[in-house]
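Have a look at the structure below before the remarks.
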2 protein chains.
Amino acid sequence: MIDSRKWARLRTVPTDTDFERMLREADLRVTRPRLAVLTAVHRYPHADTDSIIGAVRADFGEVSHQAVYDVLRALSTAGLVRRIEPAGSAARYEARVGDNHHHVVCRSCGIIADVDCAVGDTPCLTASDDRGFTIDEAEVVYWGLCPECVAAPPRATAAGG
Amino acid sequence: MIDSRKWARLRTVPTDTDFERMLREADLRVTRPRLAVLTAVHRYPHADTDSIIGAVRADFGEVSHQAVYDVLRALSTAGLVRRIEPAGSAARYEARVGDNHHHVVCRSCGIIADVDCAVGDTPCLTASDDRGFTIDEAEVVYWGLCPECVAAPPRATAAGG
DNA sequence: CCATTTTCTTGAATCAATCAAGTCCTGGCC
DNA sequence: GGCCAGGACTTGATTGATTCAAGAAAATGG
């Protein structure tokens with residue numbers, strides 16, 4: 001299911017040592033499950049919790065689903081990963097943090113892609129009327145169809161990614 | 001819990017007959033549960049399913065939760081109501097449809113307010129790079145704190161509305 | 001008023017996520 | 001290098017929102 005060798009050939013990515021350092025710098029204890037989850041999120045951007053559990057178990061061994069949930073929460077809180085929840089989908093996670101990028105979601109197959117914001121670093125923060133709210137983030141989700149689904153709509157609705 | 005008389009004094013809103021006409025025009029059969037749900041969504045914008053069930057039962061009588069779920073789906077599909085799902089919240093519904101407005105969500109109490117888009121009728125539809133997707137909608141959610149929560153953060157986290 | 005088709009009721013099931021209690025392990029200390 | 005305390009992981013149950021399924025009831029067209 002996962003060919004990490006092939007993947008390693010294709011991209012330059014954080015090593016296990018990098019992940020360890022990231023955890024330490026975030027004041028998080030370094031554990032195998034955490035390294036495995038961090039690796040999985042980097043390897044499979046926008047994966048949902050279940051896929052991450054699968055990936056973690058594939059290249060590390062049995063880990064409880066609860067541990068993965070705990071780790072994902074810890075990493076999100078620490079800012080090492082970002083949690084996204086497109087309507088109609090379970091929570092998904094990505095390792096690209098710190099910039100304010102947005103997402104395109106395919107209505108048909110559910111696949112998600114990143115989109116840089118055109119308006120600068122903290123974009124869109126200007127609502128026409130903020131209703132008195134103190135706004136700190138503008139989240140943008142573009143909905144449509146991915147190239148594959150435009151060409152040939154798949155069997156079922158939503159999912160996968 | 002619901003003072004419809006007071007509410008009626010304050011706003012001019014669709015009457016029961018209007019709702020009936022809306023349903024017929026959408027090729028939906030006119031039933032008491034549907035009228036009740038449609039009324040509730042108009043009366044309580046951004047309410048979640050559970051609140052809608054409560055409102056429907058309060059001014060109509062016992063209705064199964066399943067019926068409300070079914071009706072909300074039918075109304076959403078027909079475009080008579082719009083379903084929104086802010087991260088961390090259950091599905092919510094609003095009757096303001098047809099325009100592309102956005103939402104501000106309070107991180108503390110969960111309350112939602114409408115925000116008109118500054119950029120025109122079909123705003124934000126221009127992603128910096130659409131990744132080959134065919135985009136048909138841009139959904140914007142502003143996150144922050146509502147005026148009340150800025151002044152005095154409430155007891156618990158998230159919810160209400 | 002009847003037939004057809006849709007909608008509603010009842011009750012169970014699913015899925016994602018969380019809670020809780022106990023065991024295990026990491027990191028700091030001697 | 002071993003010990004301790006608090007944090008992290010395992011196991012198992014539970015919640016909450018939503019959906020599935022089968023039959024009863026009601027709405028529309030004739």
Side-chain angles (χ1 to χ4, degrees), chain A residues 16 19-38 40 47-54 56-57 60-78 80 83-93 110 156-161, chain B residues 16 19-38 40 47-54 56-57 60-78 80 83-93 110 156-161:
Chain A
D16 214 64
F19 290 139
E20 190 173 332
R21 185 174 38 72
M22 289 181 194
L23 288 171
R24 293 194 196 284
E25 286 175 358
D27 274 308
L28 293 174
R29 291 188 180 178
V30 178
T31 67
R32 301 277 271 118
R34 283 179 176 176
L35 290 171
V37 168
L38 205 39
D48 59 25
T49 308
D50 226 52
S51 305
I52 293 171
I53 291 174
V56 165
R57 288 180 178 161
F60 164 58
E62 185 56 24
V63 185
S64 68
H65 74 120
Q66 186 60 249
V68 176
Y69 273 99
D70 288 348
V71 170
L72 286 171
R73 180 191 308 238
L75 297 181
S76 302
T77 303
L80 294 184
R83 175 188 178 117
I84 57 180
E85 300 176 54
S89 161
R92 288 157 181 272
Y93 296 85
T157 19
Chain B
D16 213 64
F19 290 139
E20 189 172 333
R21 185 174 37 71
M22 288 180 195
L23 289 172
R24 291 193 197 285
E25 286 175 359
D27 275 308
L28 293 174
R29 290 187 180 179
V30 178
T31 69
R32 300 277 272 116
R34 283 180 176 176
L35 290 171
V37 168
L38 205 40
D48 60 24
T49 309
D50 225 53
S51 305
I52 293 171
I53 292 174
V56 165
R57 288 179 179 162
F60 164 59
E62 184 56 26
V63 186
S64 67
H65 73 121
Q66 185 60 248
V68 176
Y69 273 98
D70 288 348
V71 170
L72 286 171
R73 179 192 307 238
L75 297 181
S76 302
T77 303
L80 294 183
R83 177 188 177 118
I84 56 180
E85 300 176 55
S89 161
R92 288 157 181 273
Y93 297 85
T157 19

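Each chain gets a letter, A, B and so on, in the order its sequence line appears, and its residues count up from 1. All values below were derived from every heavy atom in this structure, side-chain atoms included, with hydrogens, water molecules and symmetry-related copies excluded.
With A/Glu85 contributing its side chain and B/Gly88 its backbone, the two residues share a donor-acceptor pair below 3.5 Å. At distances below 3.5 Å, not a single donor-acceptor pair connects side-chain atoms of A/Arg32 with backbone N or O atoms of A/Phe60.
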Is there a side-chain contact (heavy atoms from CB on, under 4.5 Å) between A/Ile53 and A/Val63? Walk through the geometry before answering. CA-CA 8 Å; A/Ile53 291 174; A/Val63 185; over 6 Å; no
Take A/Phe19 and A/Val30 through the test side-chain contact (heavy atoms from CB on, under 4.5 Å) and record every step on the way to the result. CA-CA 9 Å; A/Phe19 290 139; A/Val30 178; over 6 Å; no
Tell me, with the steps shown, if A/Val71 and A/Leu38 meet side-chain contact (heavy atoms from CB on, under 4.5 Å). CA-CA 9 Å; A/Val71 170; A/Leu38 205 39; over 6 Å; no
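The residue among B/Arg32 and A/Asp70 whose nearest nucleotide of DNA chain D is located toward the 5' end is A/Asp70.
Closest heavy-atom contact between A/Ile52 and A/Ala40: CG2-CB, 4.2 Å. Of all the heavy atoms in B/Ala47 and B/Ser51, the pair that sits closest is CB-CB, 4.0 Å.
At whole-Å resolution of the value, CG in B/Leu35 and C1' in C/dC8 are 14 Å apart.
For DNA chain D, the outermost nucleotides in 5' to 3' order that have an atom under 4.0 Å from a heavy atom of chain A are D/dG6 to D/dG12.
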Interface polar pairs with nucleotides 15-19 of chain C, N/O, under 3.5 angstrom:
| residue | atom | partner | partner atom | Å |
| --- | --- | --- | --- | --- |
| C/dA17 | OP1 | A/Ala91 | N | 3.0 |
| C/dA17 | OP2 | A/Thr49 | OG1 | 3.4 |
| C/dA17 | OP2 | A/Tyr69 | OH | 3.2 |
| C/dT18 | O4 | A/Gln66 | NE2 | 3.3 |
| C/dC19 | N4 | A/Gln66 | NE2 | 2.1 |

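Using a 4.0 Å cut-off between a side-chain N of Lys or Arg and a carboxylate O of Asp or Glu, A/Arg57 and A/Glu62 qualify as a salt bridge.
Listed pair B/Arg34 / C/dT7 meets the phosphate criterion, a side-chain N or O lying under 4.0 Å from OP1 or OP2.
Among the heavy atoms of the strands lying under 4.0 Å from A/Ser64 is at least one base atom, whether or not backbone atoms are also near.
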